[in-house]
Amino acid sequence: MRAAPAGPSGVRVLRVLRVYGRILVAGFRRQSAYLAAAFGGLVANTMFGLLKVAILFATVRAAGGELEGYDVALMSTYIWVSQGLLGSVNLFGRIDIADRIKDGDVAVDFLRPLDVQAAAITTEVGRSLFNLIPRGIPSVLIGGLVVGMALPDDPAAYLLGALSILLGITVSAATVYLVVAAPGFWLVETRGLQLLYMVVSGFLAGLFVPIWIFPHWLETLAQATPFPSMMMYPVDIVSGRVDTSGALVLVAAQVAWLVGVAALGQVLTRAGRRHLEVQGG
Amino acid sequence: MTDQTNDRTASVPIIETTGLTREFRVRDGLHRRTVVAVDDLTVRIEPGEAVGYIGANGAGKSTTIKMLTGILVPSRGSVTTCGLRPVQDRRRLARQVGVVFGQRSQLWWDLPVRESFRILAAIHDLSAAAEHERTDELVERLEMADFLGQPVRQLSLGQRMRAEVAAALLHSPRLVVLDEPTIGLDVLAKQRLREFLVAERRTHGTTLLLTTHDMGDVERLCDRILVIDRGRLAYDGDLPGLSRTVGAERVLVVDLAAPTPDLTGIAATRHLASEGGGLRQRLAFDAEATTAAKVLAAVSDHAEVLDLTVEEPDIEDVVRRIYASRRP
């Protein structure tokens, strides 16, 4: 990665990195225009975090101080990391490109020498990465100071955790693109899909309770979807609930989901483009 | 490879359509019916031309532009733009075409104007030197230095349109398509934009294709006019030819010092109306047959002129007459 490979393919890779790197930065900087909203989000995150503390700590204590491998300290880490990721992992199903498809502005996107899907996802990832600063990191700090939490000793957990968070954010953006935005090439109205996504994704991603305390059948069902890759797996790695080899398995699962979801989104985009009828001026 | 002529200047057209047709299925109550938005359009535009594409709302202008640029798949017929197939070669074509939609923005709403240019330069893979040179040129010619650091959402309409045009032209495209570029702009802003486009065409040989409702755009920018009526080409030629075809007249409005009888006898004019007992009178004249100055001189022989305005024929009027001449 470090040394620029010579030859035409190396040049092409550098060119692509430059373009999408710039789009990533643009998404990041756009989001920085909305600091007040980010602060509001942090306050809400913290309130719900405290609510989760009350409920889940009581559950762990009622189970005799340990529930499916979670003690109070590990549960605290789960709560604050998942709350912190809420501003970055897309569990709401809203994505700019869906609005652009609906009102026809996507025409402008198709007039650029870019892959429309890749550009849309890159923009969302840029915004999400920015949100880690005003929402993600403070949420974890507040939780750690107010409630206390368990942290992994192994430095590899932090490195793999960072990679896993990036993958989780990207999987969520690619999935929202696939199930909410791309159907807009055929459907006039995708709000129903967005709502459905919001209801299902939070639950199966492990936002409300860790999926590991689900009944077995539901845990299996969740793992047959990309949702745990968005939040549960990164939280598991960052909190040290899994060791390094376990973390590698989870990261591999994330990569597999990303490839699958992105490939399907690409197929729908290509078909949808031929179906697109941009209305009006 | 075996092309013997190999003669590039011998007109590889920048746009060529043959029998280009686009139908839409629309729901009409319970029924579905087919609407033909563009109907058997055959047209050829050479590099360096400046073409005005006019027609009533819903005549098929935007549909044509979308097919030329690869946003919309034609129902029938063929189209090549810059020698490429717009739908299949979308990304390659995008490097050679710049499009300004008056109603849609290609700028990043929340970011400073300068940042949009930087992103677009990366998207179009401009070298750092080319990026600086071209940005400086556009900033100077479109007088954007004052608002380069402002977020797009804070710009006035006139500023935003200049930035939109710059964004579409940053990669020095061979073909620039402008869909209603001057809509909503004041007279001065329109004038500036037109001057810029004229200069751009002169220095870079850029081909212009623009849709507009503004006769001033057509007169000052275009040397060829296409009129489209219900999806079909109704006129293809120059502006004087169009005026001859439909007799597009200008109207001289004069405010006179004293009530004057209707000025019916002025050569090459037609008296349209009088107001205020003859204080204000409206005279139509054909710009091919006479000039506003001659008409004014003739009027001055009859009465003292206090004030005057010349009304241009508007596009709607020209289009209406073309349409009327085609419908028995």
Side-chain angles (χ1 to χ4, degrees), chain A residues 11-37 96 99-119 122-123 126-127 130 185-186 188 269-281, chain B residues 22-26 37 57-58 61-63 65-66 69-73 86-112 115-116 118-126 128 151-153 164 167-168 171 173 177 179-180 183 211:
Chain A
V11 171
R12 200 172 325 126
V13 168
L14 284 181
R15 193 182 295 162
V16 168
L17 283 180
R18 177 182 175 224
V19 173
Y20 290 96
R22 179 62 74 182
I23 290 171
L24 187 84
V25 171
F28 187 92
R29 293 193 47 186
R30 277 178 63 187
Q31 198 59 23
S32 70
Y34 300 99
L35 260 181
D96 263 4
D99 298 330
R100 295 178 68 80
I101 291 171
K102 184 177 175 178
D103 63 26
D105 279 350
V106 72
V108 174
D109 301 311
F110 277 118
L111 288 170
R112 293 189 174 135
L114 291 178
D115 184 288
V116 170
Q117 180 203 21
T122 306
T123 300
R127 304 174 77 146
F130 176 80
F185 289 119
W186 290 271
V188 179
T269 306
R270 288 187 183 189
R273 187 162 93 77
R274 294 182 162 270
H275 195 268
L276 181 68
E277 290 179 4
V278 175
Q279 304 291 332
Chain B
R22 173 69 207 206
E23 294 166 349
F24 290 101
R25 301 278 290 160
V26 296
N57 289 327
K61 302 187 298 285
S62 291
T63 303
I65 285 180
K66 285 169 198 159
T69 51
I71 300 169
L72 191 65
V73 182
V87 172
Q88 291 90 335
D89 305 327
R90 171 181 74 86
R91 284 159 75 170
R92 275 207 290 160
L93 180 60
R95 297 192 183 281
Q96 302 195 37
V97 178
V99 183
V100 179
F101 288 118
Q103 322 267 26
R104 302 191 192 281
S105 181
Q106 56 194 316
L107 304 165
W108 279 258
W109 199 243
D110 311 312
L111 297 180
E115 189 63 21
S116 282
R118 292 180 63 189
I119 299 165
L120 288 166
I123 287 174
H124 285 289
D125 201 28
L126 302 188
V152 173
R153 61 185 142 82
E164 293 283 353
H171 58 296
V177 180
D179 194 7
E180 303 283 358
I183 201 163
T211 74

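So you know, we letter chains A, B, ... as the sequences are listed, proteins then strands, and number each from 1. Note: hydrogens, waters and symmetry copies are ignored here, and every other heavy atom, side chains too, is used.
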- [ ] Sort and list the pairs that fulfil side-chain hydrogen bond (donor to acceptor under 3.5 Å, both in side chains) and have at least one residue in residues 92-101 of chain B, not counting sequence neighbours.
- [x]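 Pairs touching residues 92-101 of chain B that pass the test: B:Gln96-B:Arg174.
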- [ ] Name the option with the most non-hydrogen atom pairs under 4.5 Å to chain A; the candidates are B:Leu120, B:Thr63, B:Leu111, B:Thr211.
- [x]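 Heavy-atom pairs under 4.5 Å are most numerous for B:Leu111.
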Task: Residue, of B:Arg22, B:Glu180, B:Gln106, B:Lys61, that accumulates the most heavy atom pairs under 4.5 Å with chain A - done: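 The residue among B:Arg22, B:Glu180, B:Gln106, B:Lys61 with the greatest pair count is B:Gln106.
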Open item on the list: Ignoring hydrogens, what is the shortest heavy-atom contact between B:Ile119 and A:Arg22? Give both atom names and the distance.
Closed with: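 Shortest heavy-atom separation between B:Ile119 and A:Arg22 comes out as CA-CG, 3.5 Å.
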Open item on the list: Minimum heavy-atom separation for B:Ala94 and A:Pro113, please, with both atom names.
Closed with: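 That would be CB-N, 3.5 Å.
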Task: Contacting region of A:Asp115 [heavy-atom separation from chain B under 4.5 Å] - done: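 Both backbone and side chain.
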Check whether [X] reaches the backbone of [Y] with its side chain - one donor and one acceptor, N or O, closer than 3.5 Å.
X: B:Arg90; Y: A:Phe110; value: yes
X: A:Arg274; Y: B:Val87; value: no
X: B:Arg91; Y: A:Leu111; value: no

Which atoms of [X] are under 4.5 Å from chain A, going by heavy atoms: the side chain, the backbone, both sets, or neither?
X: B:Leu93; answer: neither
X: B:Pro173; answer: neither
X: B:Arg25; answer: neither
X: B:Ser105; answer: backbone

Atom pair [atom1]/[atom2] of [X] and [Y] - distance to nearest 0.5 Å:
X: B:Asp110; Y: A:Tyr34; atom1: CG; atom2: OH; value: 3.0 Å
X: B:Ile123; Y: A:Tyr20; atom1: CD1; atom2: OH; value: 8.5 Å
X: B:Ile71; Y: A:Arg273; atom1: CD1; atom2: CZ; value: 9.5 Å

Open item on the list: Tell me every residue that passes side-chain contact (heavy atoms from CB on, under 4.5 Å) with B:Ser116, counting only those two or more places apart in sequence or in another chain.
Closed with: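 With neighbours one apart ignored, the set is B:Leu107, B:Trp108, B:Val152.
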Task: Carboxylate-amine/guanidinium proximity below 4.0 Å for B:Glu115 and A:Arg30 - done: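 Salt bridge flag = no for A:Arg30 with B:Glu115.
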- [ ] Taking the side chain as every heavy atom from C-beta outward, state whether B:Asp125 and A:Arg18 have any pair of such atoms under 4.5 Å apart.
- [x]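 In short, these two side chains touch, coming nearer than 4.5 Å.
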Task: Among the listed options A:Arg112, A:Arg29, A:Gln31, the residue most often paired with chain B at heavy-atom distances under 4.5 Å - done: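 Of the candidates given, the most pairs with chain B belong to A:Arg112.
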